[in-house]
Amino acid sequence: MEGYTASAPGKLMIFGEHAVLYGYPCIVTAVDLRMRVGVKLNSGPSVEVKTDISPEPFILSREQIERRVDVPKEVSFVIVAVRRFWEHFNLAFGAEITTKSEFTYSYGLGSSSAVTVATIRALASAAKVEISKDTIFRLAYESVKEVQRGDASGFDVAAAVYGGLLYYVSGGSTIREIRSDSLPLVVCYSGTKASTVELVGKVRQLHRDRPMYVDEIMTEIGEIVNSGEAALLAADYPQLGRLMKRNQNLLAGLGVSTDVLDTLVDSALVGSAYGAKLSGAGGGDCIIAVSTAENRVATVDSLMSADVPNAKILEVATLAEGVRIEPN
Ligand code: MEV
């Protein structure tokens, strides 16, 4: 039987992390590191999932998929996506599913959302059903929320589906493209994997303890997002940088930055970046810095001479294309 491969991009949060969970907008770009998912249907009774995390495939019966059997997280995104796809289209089938990642799970670049989105896109082609991007978004967002069992705005799912640069409100109530020709970022992995669930919980706790303090910060972040959209549309990199610095200070005020992230942000600024901030939940993962062709080398050199032994520059292009079917 014919096989289909779909791929979906990772993401970087530009402005608005955490605040997006409190009703404010955020801005996200898709990046050109992609998750690939191949799907081949068969007439067998099970779904076989091959991943980079294990040499052995995970073989699951329809009954195991329907009753949400326990599997490693990386596999559960695929399995839950299959079940949601079956439910939506009133189908069930045997299949061989293979996932391949161009980036590690530890960078915090949205591999879980990307694999979920690519799975649904490849399933639709293999099952010969029409599917719109909006339906892919809905099914993938429901799947990701189910696996993560926590707060999730879905901004990473939107980046994986639609690609480019997006203005996004939680749950997908607004998903709007910001037209931009270039977004020159230096991306540096901090060497530490962060737990989004833990950091979101930490900010929720702070909100319970000091609601006015946190609400004020969230309101300011919301304003930065709106000014950020204007700066992005105007390709005004000095202004973009200033806004990133402000957003970083506010995130530090929420307690989600770390010494390592602060050191990397400072080093990027010493290396004449226009601005820099953590990207994502904080606690680790990546920082982003606005650096154009003229100051990129200085920014990279400064980051690499920072006292952060496991820091690593990630060569990623922004404004990547959303989910797509790949030629076989
Ligand atoms: C994590 O990458 C960003 C958060 O805003 C969570 C979310 O939006 O789902 C902290």
Side-chain angles (χ1 to χ4, degrees), residues 8-31 33 35 73 77 103-117 137-138 140-162 165-176 185 187-190 192-207 214-215 217-222 224-225 228 244 247-248 250-258 261 277-288 314 316 318:
K11 57 76 190 167
L12 282 167
M13 183 71 102
I14 306 300
F15 293 113
E17 46 275 271
H18 290 286
V20 67
L21 294 173
Y22 294 74
Y24 296 93
C26 69
I27 295 177
V28 56
T29 181
V31 296
L33 294 178
M35 293 289 311
K73 212 167 175 189
F77 286 103
F103 54 107
T104 118
Y105 280 85
S106 45
Y107 291 160
L109 291 180
S111 52
S112 307
S113 301
V115 81
T116 309
V117 165
F137 173 78
R138 275 292 134 223
Y141 181 41
E142 292 305 323
S143 306
V144 167
K145 274 198 299 189
E146 181 181 328
V147 177
Q148 288 180 341
R149 288 196 202 101
D151 283 341
S153 67
F155 79 101
D156 39 7
V157 178
V161 173
Y162 301 98
L165 185 64
L166 302 174
Y167 180 98
Y168 180 86
V169 178
S170 188
S173 60
T174 302
I175 306 176
R176 175 154 57 68
L185 296 182
V187 181
C188 183
Y189 176 57
S190 66
T192 317
K193 169 91 199 97
S195 159
T196 300
V197 173
E198 224 170 83
L199 286 143
V200 167
K202 186 176 170 178
V203 176
R204 288 268 181 228
Q205 185 58 48
L206 187 65
H207 189 235
V214 172
D215 285 340
I217 290 185
M218 297 309 187
T219 306
E220 259 195 74
I221 294 178
I224 289 174
V225 171
M244 278 199 186
N247 197 162
Q248 170 64 19
L250 293 165
L251 287 164
L254 291 176
V256 297
S257 196
T258 62
L261 293 173
K277 65 182 272 294
L278 66 84
S279 175
D285 292 347
C286 292
I287 67 121
I288 54 175
L314 305 183
V316 298
T318 54

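Just so it is clear, the model here is predicted, and its values are computed rather than measured. Start at 1 and go down the list; that is how both ligands and their atoms are numbered. When reading the values below, keep in mind they use all heavy atoms of this one structure, side chains included, and skip hydrogens, waters and symmetry mates.
Near Val20, meaning under 4.0 Å from any of its heavy atoms, are these atoms of ligand 1: 5 (O), 8 (O). Here is the list of ligand 1 atoms found below 4.0 Å of a heavy atom in Ala152: 9 (O). Near Gly280, meaning under 4.0 Å from one of its heavy atoms, ligand 1 places the atoms 1 (C), 2 (O).
If you check which protein heavy atom lies closest to atom 3 (C) of ligand 1, you get Phe155 CE2, 3.7 Å. What sits closest to atom 4 (C) of ligand 1 on the protein, heavy atoms only, is His18 N, 3.9 Å. Atom 1 (C) of ligand 1 has Ala281 N, 3.5 Å as its closest protein atom, hydrogens excluded (heavy atom only). The closest protein non-hydrogen atom to atom 6 (C) of ligand 1 is Leu21 CD1, 3.8 Å.
Geometric assessment of Lys73 against the ring of Phe77 yields a negative cation-pi assignment under the 6.0 Å and 45° thresholds.
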Chi angles and distances behind the side chain to side chain contact (heavy atoms under 4.5 Å, CB included) call for Leu254, His18: CA-CA 9 Å; Leu254 291 176; His18 290 286; 4.3 Å; yes

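In terms of polar-atom proximity, defined here as any N/O pair under 3.5 Å, Glu17 makes no such contact with ligand 1. Residue Ser153 places at least one N or O, backbone or side chain, under 3.5 Å from an N or O of ligand 1.
Between Phe155 and Tyr168, the ring centre distance reaches or exceeds 6.0 Å.
Around atom CD of Gln205, more than 12 heavy atoms belonging to other residues, nucleotides or ligands sit under 6.0 Å away.
Within the 4.5 Å cutoff, the side chain of Leu250 has heavy atoms near those of the Ile224 side chain. Here the side chains of Thr116 and Tyr141 are not in contact, with every heavy-atom distance at 4.5 Å or above.
The aromatic rings of Phe137 and Tyr162 lie tilted to each other, with the angle between the two planes from 30° to 60°.
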